[in-house]
Every structure is written in structure tokens, then in C-alpha cells.
Amino acid sequence: MRVAMYVRVSSDRQAEKELSIPAQMKAIQQYCQSKGWVIVSEFIEKGRSAKTDERAEFQKMIAIAKRSNCPFEAVVVHKFDRFSRKRDDHVIYKALLAQVGVKVISVTEQTEAETPQDMLLEGMLEIMSEFFNANLAVEVRKGMTQNAKLGYNNGGTPPYAYRTEHIAMSSQKTKAVWVLGPREEIDVVRSIFNQYANEGAGYKKIASRLNEDGIPAQKGGKWSASTIRAIIYNESYIGRKVWNKQDYQTKGKKWRDRSEWIITENAHPSIITEELFNKCQENARRRDSGGGESHKPFQLKGASPFWLRGIIVCDKCGSRMVGNSNSARKKGGGQKYYTCGGYLRKGKEFCSYVGWRKERVEEVVTNKLRITLLRLSMDNQLADEIQRYYNEKNKSQMQRAATLEAEVGFLQKRIETVEDDIRAGRAKPYHQDMLDEMQQELTEKQQELDVLLSSLQGVSVPEEYIASAKYDMQTMIGLLDAEVPNPQMLNQLAAKFVSKVLFQRETKKLYLTIQLQTDGEVLLEKTIVAEMY
């Protein structure tokens with residue numbers, strides 16, 4: 001039987017233990033060898049949790065299994081929890097594979113699920129795996145909650161003007177706390193709060209002043225209005241540690257009620273007084289539309305309708321363009337535009353912004369992208385394009401290699417001629433010196449040619465990657481053709497194929513850059529040009 005091997009670890013720490021990738025692979029290989037099975041495909045997942053099905057290698061495996069010419073008849077895992085720790089995902093994907101004749105087999109939990117007893121055993125193993133995962137999360141969260149109540153840090157980057165310091169505890173353990181950072185950063189924070197509370201300066205004005213004074217932000221870049229706003233609302237600056245603001249299971253998209261927060265007073269040194277902080281919150285409530293509560297500094301928004309967000313680039317300053325509306329108070333959000341992110345964050349002094357209307361931009365990109373993906377997904381077009389890109393990218397090196405090969409061949413013939421003359425007694429006294437020089441030159445050119453040829457190993461793209469890429473392309477085409485658009489899925493899939501979209505204002509042309517890469521290596525990159533109007 002032909003089988004696929006699927007191995008996974010959740011973290012580097014787990015990789016150091018018995019469930020490391022090499023250990024799983026060795027166990028699977030030995031098991032398959034004892035059964036007489038042939039491993040035809042390998043899917044290796046590093047640092048991916050099985051609580052979700054958002055795993056690149058897992059999805060690639062499922063996509064290949066659904067093909068009519070699927071190369072394997074079963075998926076072999078070390079344990080069922082390598083496949084999935086979520087009962088729903090396990091059942092759904094196992095049923096999907098069963099429909100196309102592919103089984104899921106565990107090396108250590110051997111059950112074919114062909115009898116009622118085997119089905120019961122496998123179900124119990126899956127439930128135990130999900131229980132273990134859920135229970136582990138509860139225990140970890142208990143520890144983090146207790147840590148927060150005591151004022152210790154649960155990870156993450158400290159706010160501007162603070163640093164993380166580790167203090168020794170019993171049993172060779174350490175705890176992380178926040179301490180004051182450099183004096184100049186502390187002065188900047190106090191100045192920000194003072195300007196906002198007492199001088200009437202807004203977020204943009206404060207950011208502009210800091211940038212004009214050449215003061216770097218936390219990561220060394222420019223200050224923006226959103227950064228200043230985050231500082232104004234941050235209770236850390238009065239020595240208050242706040243944890244559990246957001247629901248981690250929603251990746252920060254859902255804010256918890258303040259009653260659920262873990263708040264610890266005097267957890268670390270304060271930088272400003274509580275009186276100054278409260279004055280800033282009062283000003284914020286008057287200034288900010290939609291509230292401005294200190295415990296909910298950013299208004300949560302629904303899913304963005306702009307599927308090209310973060311992909312379009314401003315042709316003036318190079319900043320990524322984001323979705324924007326000319327009036328959020330109008331029904332439907334008003335007229336929608338793609339706006340330069342640099343302009344929104346830093347003002348017109350940074351970029352003389354001109355926006356693009358959402359509907360027109362997406363229409364042009366959709367039409368051009370659909371045609372491009374259709375062509376790439378046909379027959380061997382994708383593999384051919386990758387080969388052409390490789391040849392073009394290495395054109396100068398290949399030409400140099402051809403030139404060197406010709407020069408090496410010419411030198412070899414010249415050397416043979418001179419050696420024949422020497423042996424026949426027709427050589428002149430200087431022929432030996434000329435022969436030595438030609439042999440030295442031949443050695444140098446042959447070495448250069450060998451180095452060049454070793455760097456030109458050619459392009460070899462696995463069939464599985466081509467199949468997976470085509471599957472994603474066809475999915476993308478289906479989304480582009482859908483009557484009801486799905487901006488979130490479009491945005492996620494577009495990121496796999498489109499590295500940049502640029503609209504040139506002067507020429508009114510669209511530049512759509514298609515890029516495919518794997519393991520950090522660019523396999524294909526090409527720019528399609530189209531008229532905007």
C-alpha cells in the first residue's frame with residue numbers, strides 16, 4: 001500500500017522531547033517497513049498546533065488527497081493527536097478522506113475502525129486527546145492568572161519607557177517584572193501626557209512634534225497618531241498591571257468586560273500620576289467619537305470589506321494602502337477608498353495622498369488576476385512559467401557559463417596543438433612558457449566554470465507543490481467569480497499569489513506583481529501591466 005507520512009510538533013520545546021519530528025518519522029518508517037507499505041509523500045509541520053486546521057502542510061495533504069490521481073491510499077501518523085486534537089476537525093477530515101478512499105492510521109494507537117469495538121476505541125482516543133489539550137489550556141491559564149494577580153508579567157513586549165527584568169525565585173525559577181527604562185524615554189512619556197492633558201495637543205500633533213525633534217519610537221521608527229493614542233490609554237503608566245483584556249481564543253478580536261480583567265495596582269513603578277492620567281481620559285472622552293473609555297481604547301470593527309488591504313502600495317511613498325471611508329456615519333460607511341497608510345498615520349507632510357475608489361480598483365485587479373490564474377492553472381503552464389523564470393533570473397550566469405565552456409574548449413585544443421609541436425620537435429624555445437601560461441589559464445577558467453555550474457543546479461519543484469498551488473488558484477478563481485464576495489478569504493488567498501499591486505497615477509496603469517515562493521525561495525515572479533481606465 002502506498003501511504004503518506006504526516007508528522008507535526010507544536011513548538012521547538014516539544015521538538016526536543018520524544019515527539020520530535022525525527023522520532024516520529026523513524027517510528028512511522030519502521031512501522032510501514034514492517035507492513036510492507038511504501039511511503040510516497042511526506043508532510044512535515046513545524047510549530048503548528050493541532051487545535052486548528054489552519055496548517056499549511058495539513059491543508060496541502062488534504063488537497064492532494066482529493067485529487068483523482070492521489071498518489072497515496074492512507075495517511076500514517078505517530079498518534080491521532082498529531083492529525084488533530086479537536087474532535088470536530090478529526091471527524092470532518094477523516095470522513096472527507098474516507099470519501100476519497102484514504103484512511104488515517106496511527107502507529108501507536110493501532111485500530112482500523114472496521115468493527116464497532118475499534119470505532120469506540122478510536123473515538124475514545126480522540127476525545128481523550130481533545131480533553132488533554134483543553135485541560136492543559138485550563139491549567140496553563142490558571143498559572144498565568146495567578147502570575148498576573150501577583151503583578152508578574154506573562155510575556156510580551158513592555159510598553160515604551162519600560163524594560164523587562166527577571167528576578168530569581170525559589171526552585172531555580174525566575175519571574176518577569178517591568179522596571180523603568182532610560183530617563184529620556186520616561187521624559188517623553190511625561191511630555192506626551194502633559195501635551196494631551198494641558199496643552200490641547202491631539203495625537204497627530206504630538207506625533208509630529210516627536211518626529212520633528214528626531215526622537216525615535218519604540219522600534220526605532222516614526223511616531224504615529226495611533227501610537228500616541230495607545231500610550232494615552234495605557235494604564236501601565238500609573239503602575240497598574242492589566243491582564244486578560246482580550247479573549248485569546250479569538251486572537252484578540254473580542255474584548256472582555258472589565259469585570260473579567262486581572263488588575264494589579266502598584267505592580268511596577270509609575271511614570272505619571274493617576275490625576276494626570278484621569279485628566280487625559282476625560283479629554284479623550286470629549287475628543288474621541290464613539291466613547292473613548294480607558295478600558296476599550298480601540299473601537300472594535302466588523303470584518304473589513306477591503307480584500308486588497310495591505311497589498312496595494314502607494315506609488316508616491318511606498319506605504320501599504322488601507323481601506324477607508326469618507327464618512328463612517330453614513331449608511332453603509334459612505335464612499336469607500338483605498339488610502340495611503342503613510343498619509344493616514346503621519347499626515348500630508350509625509351505623503352501627498354490621492355485615494356483610489358474601492359469598486360474600480362477591485363474590478364480591474366479581479367479581471368487581470370482571474371485571467372492570470374486561469375492561465376497558470378492550465379496543464380503544465382505553472383511548471384513551465386517557473387522554469388522560464390529560473391532561466392531568466394539566471395540568464396547572465398548561464399551566458400557566462402556558456403562563454404567559459406567555449407573558452408575552456410578552445411584552450412584545450414590550443415594546448416593539444418602546442419604539445420604536439422613540442423613532441424614533434426617543431427616547437428620554438430618560447431613554446432614551453434606559452435604552454436605553462438595556457439595551462440594556468442585553463443585551470444583558472446575550469447575552476448570558475450565548476451563554481452558557476454554548481455550554483456546552477458536547475459529548478460526542481462515537487463509535484464505536490466504544483467498540485468497544491470493549482471488547487472489554491474482554482475479556489476481563488478471561484479471566490480473572484482462568486483456572486484457574494486468573501487473579502488476575508490479573498491485577502492488570505494490573494495496573499496499567496498500577489499506580492500504587490502500598484503496604480504501609477506501619471507500613466508493610469510496597474511502593475512500587478514504575481515509571486516510564488518516556498519521555504520523562502522521565490523519560484524516565480526512576474527509583473528502584469530494593465531490600463532486603469
Side-chain angles (χ1 to χ4, degrees), residues 136-197 203 206 217-219 223-224 226-285 288 291-300:
L136 179 62
V138 170
E139 293 303 315
V140 169
R141 191 157 183 80
K142 280 182 183 178
M144 294 177 73
T145 300
Q146 184 63 23
N147 216 39
K149 286 180 178 179
L150 295 174
Y152 298 125
N153 186 34
N154 278 323
T157 304
Y160 180 81
Y162 284 105
R163 297 292 187 271
T164 299
E165 187 174 282
H166 295 273
I167 58 175
M169 307 294 287
S170 60
S171 304
Q172 298 182 337
K173 292 183 179 180
T174 62
K175 294 286 188 180
V177 295
W178 288 345
V179 297
L180 293 175
R183 181 69 194 186
E184 54 268 24
E185 291 187 11
I186 295 172
D187 291 340
V188 168
V189 170
R190 288 172 177 165
S191 173
I192 289 172
F193 277 95
N194 184 62
Q195 289 181 63
Y196 192 79
Y203 307 133
I206 296 172
Q218 186 164 19
K219 295 183 179 180
W223 292 88
S224 65
S226 60
T227 305
I228 301 299
R229 188 170 193 239
I231 288 177
I232 293 296
Y233 283 116
N234 196 335
E235 298 178 61
S236 300
Y237 293 111
I238 56 174
R240 183 179 294 162
K241 173 77 73 176
V242 182
W243 185 74
N244 202 41
K245 285 184 179 182
Q246 297 166 307
D247 187 345
Y248 71 98
Q249 290 183 329
T250 64
K251 298 181 181 178
K253 295 177 183 178
K254 182 180 178 181
W255 284 76
R256 298 182 186 277
D257 186 79
R258 192 177 177 87
S259 62
E260 300 180 63
W261 293 8
I262 307 298
I263 302 174
T264 307
E265 301 289 348
N266 304 314
H268 50 262
S270 62
I271 291 179
I272 62 168
T273 65
E274 190 170 351
E275 180 184 2
L276 179 59
F277 181 81
N278 290 337
K279 188 173 181 180
C280 286
Q281 306 316 300
E282 292 173 8
N283 288 354
R285 277 189 281 272
D288 290 358
E293 307 118 285
S294 61
H295 68 282
K296 193 176 289 186
F298 299 102
Q299 185 179 0
L300 297 180

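- Partners of Ser270 by side chain to side chain contact (heavy atoms under 4.5 Å, CB included), not counting sequence neighbours: none found.
- Partners of Glu282 under the salt bridge (charged side-chain N to carboxylate O under 4.0 Å, His left out) rule, at least two apart in sequence or in another chain, do not exist in this structure.
- With sequence neighbours left out, Glu165 forms a salt bridge (charged side-chain N to carboxylate O under 4.0 Å, His left out) with no residue at all.
- Under the 3.5 Å distance criterion, the side-chain polar atoms of His268 are matched with a main-chain donor or acceptor of Ser236.
- The two residues Cys280 and Tyr196 come nearest to each other via the heavy atoms O-CE2, 3.4 Å.
- For residues 265-274, the pairs satisfying salt bridge (Lys or Arg N to Asp or Glu O under 4.0 Å) are Arg240-Glu265, Arg240-Glu274, with sequence neighbours left out.
- Tyr237 places a side-chain heavy atom less than 4.5 Å from the side chain of Pro159.
- Remark: Arg163 pairs with Glu185 by the salt bridge (charged side-chain N to carboxylate O under 4.0 Å, His left out) rule, at least two apart or across chains.
- By the 30° and 60° cut-offs, the orientation of the rings of Phe277 relative to Phe193 is tilted.
- In this structure, the ring of Tyr160 has its center less than 6.0 angstrom from the ring center of Trp223.
- Residues Ala161 and Ile271 approach most closely at CB-CD1, 3.7 Å, considering heavy atoms.
- For Pro158, the side chain to side chain contact (heavy atoms under 4.5 Å, CB included) partners at least two apart in sequence or on another chain are Tyr162, Thr164, Trp178.
- Not counting sequence neighbours, Asn266 has no partner by the side chain to side chain contact (heavy atoms under 4.5 Å, CB included) test.
- Residues satisfying the side chain to side chain contact (heavy atoms under 4.5 Å, CB included) test with Thr273, not counting sequence neighbours, are Glu275, Leu276.
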